[in-house]
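Notes follow once the structure below has been shown.
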Number of protein chains: 4
Amino acid sequence: MNRRSGIDSKSNILNAALKIFSEYGYRGASMRMIAHNAKISVGGLYIHFKNKEELCLTLMKKRLGDLSQELKKALEGVKNPVEAITLFITINLEYAKRHKELILTQSKERGFTFGLGLKRSFFKKQRTLIEEILKKGIDSGDFSECDVKETTKIIMGTLRGFVLSMVVDAYNLFTPEECSKLILYGLLRRNDKPANEKTNEFKGRS
Amino acid sequence: MNRRSGIDSKSNILNAALKIFSEYGYRGASMRMIAHNAKISVGGLYIHFKNKEELCLTLMKKRLGDLSQELKKALEGVKNPVEAITLFITINLEYAKRHKELILTQSKERGFTFGLGLKRSFFKKQRTLIEEILKKGIDSGDFSECDVKETTKIIMGTLRGFVLSMVVDAYNLFTPEECSKLILYGLLRRNDKPANEKTNEFKGRS
Amino acid sequence: MNRRSGIDSKSNILNAALKIFSEYGYRGASMRMIAHNAKISVGGLYIHFKNKEELCLTLMKKRLGDLSQELKKALEGVKNPVEAITLFITINLEYAKRHKELILTQSKERGFTFGLGLKRSFFKKQRTLIEEILKKGIDSGDFSECDVKETTKIIMGTLRGFVLSMVVDAYNLFTPEECSKLILYGLLRRNDKPANEKTNEFKGRS
Amino acid sequence: MNRRSGIDSKSNILNAALKIFSEYGYRGASMRMIAHNAKISVGGLYIHFKNKEELCLTLMKKRLGDLSQELKKALEGVKNPVEAITLFITINLEYAKRHKELILTQSKERGFTFGLGLKRSFFKKQRTLIEEILKKGIDSGDFSECDVKETTKIIMGTLRGFVLSMVVDAYNLFTPEECSKLILYGLLRRNDKPANEKTNEFKGRS
DNA sequence: AATGAATGAGATTTCATTCAT
DNA sequence: GATGAATGAAATCTCATTCAT
């Protein structure tokens with residue numbers, strides 16, 4: 001009914017699409033549902049997006065970009081590597097909790113997993129971020145010596161695991177704090193600690 | 001075609017369904033594809049299963065049952081709790097790797113998440129299993145004192161994370177061994193260790 | 001409603017498709033129209049044909065095959081090359097008049113003219129047929145010496161022209177006889193004729 | 001963009017429409033494509049033309065008018081009827097080759113064949129043109145006596161055939177010269193000729 | 001006059017499910 | 001039990017046309 005500007009419409013559609021894709025998954029979400037949610041006609045969607053795939057892709061790009069941005073901003077002034085890792089984990093988990101969304105979308109339509117490249121490049125960026133934090137932490141003496149690449153992989157995997165677990169199983173097993181502790185625990189130097197103070201912080205581990 | 005017995009037909013269909021659901025997801029898989037793969041007619045499917053949902057449900061039940069069975073058998077004679085946890089993790093990951101499948105299926109058809117109850121009860125069983133191992137390990141002195149419930153939750157979550165990470169991202173970030181080490185490391189008593197032997201097993205931590 | 005055998009249905013659909021495509025062209029014909037005409041559901045069409053394009057292609061193949069068959073049969077016992085050419089032309093025109101149809105279909109969907117190969121190979125067959133008749137006619141002395149290839153091209157082009165003219169313009173400008181005369185006239189030897197008898201057969205060309 | 005005068009805009013649109021209609025046919029061409037090609041907005045098209053049909057009709061009118069004009073101009077000073085017929089044919093074929101276009105458009109939208117009347121009247125004009133040339137040629141003794149109406153019909157049909165053949169089949173079977181020869185050959189008086197000179201001009205005939 | 005977002009009707013296509021054979 | 005043609009609803013997508021700006 002009321003004519004919107006192109007940009008308004010686009011972001012309006014993206015919001016609706018996010019809601020619907022998140023709730024029903026890529027195949028479960030229909031263009032009709034998205035259009036309805038965006039209070040637009042179905043045909044209208046196709047003015048702004050070539051097809052369902054492109055709509056979904058745009059959405060993913062935007063989300064991953066947003067998260068990247070958020071991470072970058074948050075980590076900007078942080079010097080302490082422990083704090084940095086904690087922030088990194090917390091922001092990732094908070095973001096996932098806030099949006100519970102396109103994290104899965106792994107449709108095999110037409111034999112090709114679209115959006116894969118997008119994710120890959122995003123994960124690569126994240127890996128680099130962690131590697132840098134780790135290196136600084138080792139240099140500063142906050143973290144013990146370790147194979148940076150390998151450790152990064154493990155941190156990423158564990159974090160990814162928590163995120164997925166949260167989204168797929170809809171269990172709230174972990175608070176970001178708990179998750180941070182699990183990961184940080186091993187990274188922290190323990191040689192000089194009285195071995196009871198910090199350890200006790202984290203039940204279930206030693 | 002050669003006539004099969006009812007039971008043969010059923011398991012034949014289930015095998016086909018597993019293959020197709022695994023590859024294309026619940027919505028991406030069509031009854032036609034499953035029938036074709038099972039070398040049976042489309043109508044034939046409906047003789048053995050009320051509908052697509054029931055077929056999928058039966059499949060999930062069977063899969064979870066199989067895994068339960070496998071776990072039970074493997075853990076039967078095992079006394080050492082460290083070995084038990086390692087086995088538990090390894091079998092879970094190997095199973096997931098072997099089947100890369102119904103792990104996701106979270107379709108919201110007609111507004112209701114089917115299969116959820118199934119999963120819940122399976123996870124409960126698994127939780128009980130771990131709890132028992134933990135208790136034994138604590139009693140035997142292999143594991144340090146800890147909140148059993150909480151620790152179980154963390155182990156489950158981390159494992160679940162690794163499984164999902166493997167299935168969704170199609171990365172092979174972790175070998176079952178690495179995963180086991182990550183989880184076990186914290187569970188093992190460390191008070192009496194010279195701090196170099198066992199610790200060094202696991203790079204990137206300590 | 002009443003279940004038909006697969007073969008019945010297929011030819012039933014092809015008949016309907018012929019009618020609709022002929023009348024409305026490839027783009028003008030809708031699957032709905034074809035389904036309606038075939039007294040079948042729209043979805044039913046897709047049991048027998050992968051898509052609109054394949055349906056149209058099958059139809060063209062069948063038509064060109066039919067005409068080939070008819071020509072072959074008709075020319076089988078014919079020795080006299082004049083009669084052969086006359087038959088060739090007459091059958092082509094009669095066929096076109098009878099079916100007024102897929103002769104045009106030159107859709108440029110997705111940037112590629114489908115059915116082109118089909119037509120090309122059909123025209124090649126026709127060319128060979130004419131060339132053989134011409135050769136025999138020259139050998140027997142019925143036709144004057146001429147460049148067989150070139151003459152074939154001209155005959156084909158003129159005939160094709162008449163066919164198209166008939167179909168596109170919906171004028172009945174020519175009877176097959178008139179068309180035959182136009183083409184034959186030049187082919188016939190005239191050196192020994194009194195030059196007035198046969199010539200007068202064909203008004204406007206004395 | 002730079003504002004055009006109304007007339008400029010109109011002819012600009014017509015040029016774009018010609019290009020698009022020619023390449024994709026009436027149904028295959030979309031208003032969006034035409035607008036894009038004309039570097040104008042979709043709405044802009046509707047300022048100058050009531051709808052798609054009218055745009056197409058206008059285009060056809062213009063084209064047929066152009067051709068009429070060209071023919072008229074070319075034939076103006078020509079006295080020799082042989083030359084006149086040759087010109088007539090050549091211009092027609094050249095024009096068709098240059099534009100490969102609306103010649104087919106035979107859409108039956110909403111059950112009514114638009115543009116038919118337009119074509120009919122154009123063909124009528126052309127017929128008159130040929131008839132006049134023929135009459136002059138007979139009077140001057142260049143052409144043999146013949147039924148003018150009938151001969152005109154055959155010339156028109158053959159020419160039309162060549163044009164269609166060229167457009168539809170996208171074969172370049174004929175040069176305008178060959179086509180002219182085919183048609184002219186029969187029209188020329190032959191009673192006084194040595195019967196070898198002119199005859200030999202045209203291979204495959206005589 | 002000009003724009004281009006929006007509409008709404010209709011096109012092609014897919015698919016779980018049914019049912020005559 | 002078994003088949004697979006048929007259905008009908010719904011999905012994705014297209015497009016001539018309109019209209020607020």
Side-chain angles (χ1 to χ4, degrees), chain A residues 1-10 13 27-35 38-53 55 109, chain B residues 1 3-6 9 27-36 40-53 55 109, chain C residues 1-10 13 27-35 38-53 55 109, chain D residues 1 3-6 9 27-36 40-53 55 109:
Chain A
M1 299 296 160
N2 63 324
R3 311 262 154 167
R4 267 182 289 258
S5 86
I7 294 161
D8 271 9
S9 253
K10 212 160 176 164
I13 291 170
R27 309 238 9 177
S30 81
M31 295 304 263
R32 214 175 116 278
M33 285 158 87
I34 293 169
K39 289 181 206 318
I40 207 182
S41 69
V42 179
L45 297 178
Y46 289 86
I47 293 164
H48 302 282
F49 301 94
K50 212 176 82 239
N51 51 33
K52 192 182 178 184
E53 191 172 317
L55 172 52
E109 289 207 297
Chain B
M1 317 288 160
R3 308 261 153 166
R4 266 181 289 262
S5 80
S9 256
R27 313 239 6 175
S30 77
M31 294 303 264
R32 227 159 152 267
M33 284 158 92
I34 294 169
H36 184 81
I40 210 180
S41 69
V42 181
L45 296 179
Y46 287 84
I47 292 161
H48 299 286
F49 300 94
K50 208 177 84 225
N51 53 32
K52 194 182 180 184
E53 191 172 313
L55 171 53
E109 289 207 293
Chain C
M1 300 293 160
N2 65 324
R3 313 258 155 170
R4 268 182 289 259
S5 87
I7 295 162
D8 270 10
S9 253
K10 210 159 178 167
I13 291 170
R27 308 244 356 186
S30 80
M31 296 303 264
R32 215 175 115 278
M33 285 158 90
I34 294 169
K39 288 179 206 320
I40 206 181
S41 68
V42 180
L45 297 177
Y46 288 85
I47 294 162
H48 302 282
F49 302 94
K50 211 174 81 238
N51 51 32
K52 194 180 179 184
E53 190 172 317
L55 172 53
E109 289 207 297
Chain D
M1 316 289 158
R3 308 260 153 166
R4 268 180 288 263
S5 81
S9 256
R27 312 246 353 186
S30 77
M31 295 302 264
R32 227 160 152 267
M33 284 158 91
I34 294 168
H36 183 80
I40 209 181
S41 69
V42 181
L45 295 178
Y46 287 85
I47 291 162
H48 299 283
F49 301 94
K50 208 178 81 223
N51 53 29
K52 194 181 179 183
E53 192 172 313
L55 171 54
E109 290 209 294

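Residue numbering restarts at 1 for every chain, and letters A, B, ... go by the order of the sequence lines.
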Seminar exercise, completed: Whole-Å distance, E53(A) CD to dA11(F) C1', equals 16 Å
For this session: Can you tell me the distance, in whole Å, between the CZ atom of R32(C) and the C1' atom of dC13(F)?
Result: 17 Å
Exercise. Closest heavy-atom contact between I34(D) and L45(D)?
Worked result: CG2-CD2, 4.2 Å
Seminar exercise, completed: For N51(C) and Y46(C), the nearest pair of non-hydrogen atoms, with its separation, is CA-CE2, 3.9 Å
For this session: Determine the contact category for A29(C): base if any of its heavy atoms lies under 4.0 Å from a base atom, sugar-phosphate if only primed atoms, P, OP1 or OP2 are that close, otherwise nothing.
Result: sugar-phosphate
Problem set entry | Separation of dT18(F) C1' from K52(D) NZ (nearest whole Å) | 17 Å
Seminar exercise, completed: 5'-most contact on DNA chain E (nearest-nucleotide basis), G44(D) vs M33(C), goes to G44(D)
Exercise. Closest approach of H48(C) and S9(C), non-hydrogen atoms and distance?
Worked result: NE2-CB, 3.5 Å
Problem set entry | Contact nearer the 5' end of DNA chain F, comparing K50(D) with V42(A) | V42(A)
Problem set entry | For S41(C), side-chain contact (heavy atoms from CB on, under 4.5 Å) partners two or more places apart | none
Exercise. What residues, two or more places apart in sequence or in another chain, satisfy side-chain contact (heavy atoms from CB on, under 4.5 Å) together with M33(B)?
Worked result: I20(B), Y24(B), S30(B)
Exercise. Counting any heavy atom closer than 4.0 Å, what does S30(B) reach on the DNA or RNA strands: base, sugar-phosphate only, or nothing?
Worked result: sugar-phosphate
For this session: Please name the pair of heavy atoms, one in K52(A) and one in A29(A), separated by the smallest distance, quoted to 0.1 Å.
Result: NZ-O, 2.8 Å
Exercise. I34(D) CD1 to dC15(F) C1': how many Å, rounded?
Worked result: 12 Å
For this session: Ignoring backbone atoms, test whether S41(D) places a side-chain nitrogen or oxygen under 4.0 Å from the OP1 or OP2 oxygen of dG4(E).
Result: no
Seminar exercise, completed: Rounded to the nearest 0.5 Å, the NZ atom of K10(C) sits from the CD1 atom of I47(C) at a distance of 11.5 Å
Exercise. Under 4.0 Å: is that the gap between some side-chain N or O of S9(B) and OP1 or OP2 of dG1(F)?
Worked result: no
Seminar exercise, completed: Taken to the nearest whole Å, CZ/R27(A) to P/dA11(F) is 13 Å
Exercise. Of all the nucleotides listed (dT17(E), dA16(F), dG1(F)), which has the minimum atom distance to the side chain of H48(B)?
Worked result: dG1(F)
For this session: Write down the distance between CD1 (I40(B)) and P (dG1(F)), rounded to a whole number of angstrom.
Result: 10 Å
Problem set entry | Stems formed with participation of DNA chain E [Watson-Crick or G-U wobble, under 3.5 Å, three or more pairs] | E:2-21 with F:2-21
For this session: Could you check how far NE2 of H36(D) sits from P of dG4(E), rounded to whole Å?
Result: 12 Å
Exercise. Looking at dT13(E), dA11(E), dA16(E), which one has an atom nearest to any side-chain atom of M31(B)?
Worked result: dA16(E)
Exercise. Taking for each residue the nucleotide of DNA chain F with the nearest heavy atom, is it I47(B) or G43(C) whose nucleotide lies nearer the 5' end?
Worked result: I47(B)
Problem set entry | Spacing between L45(C) atom CG and dA11(E) atom C1', to the nearest angstrom | 13 Å
For this session: Look at the side-chain N and O atoms of Y46(C) and state whether any lies under 4.0 Å from the OP1 or OP2 oxygen of dT13(E).
Result: yes
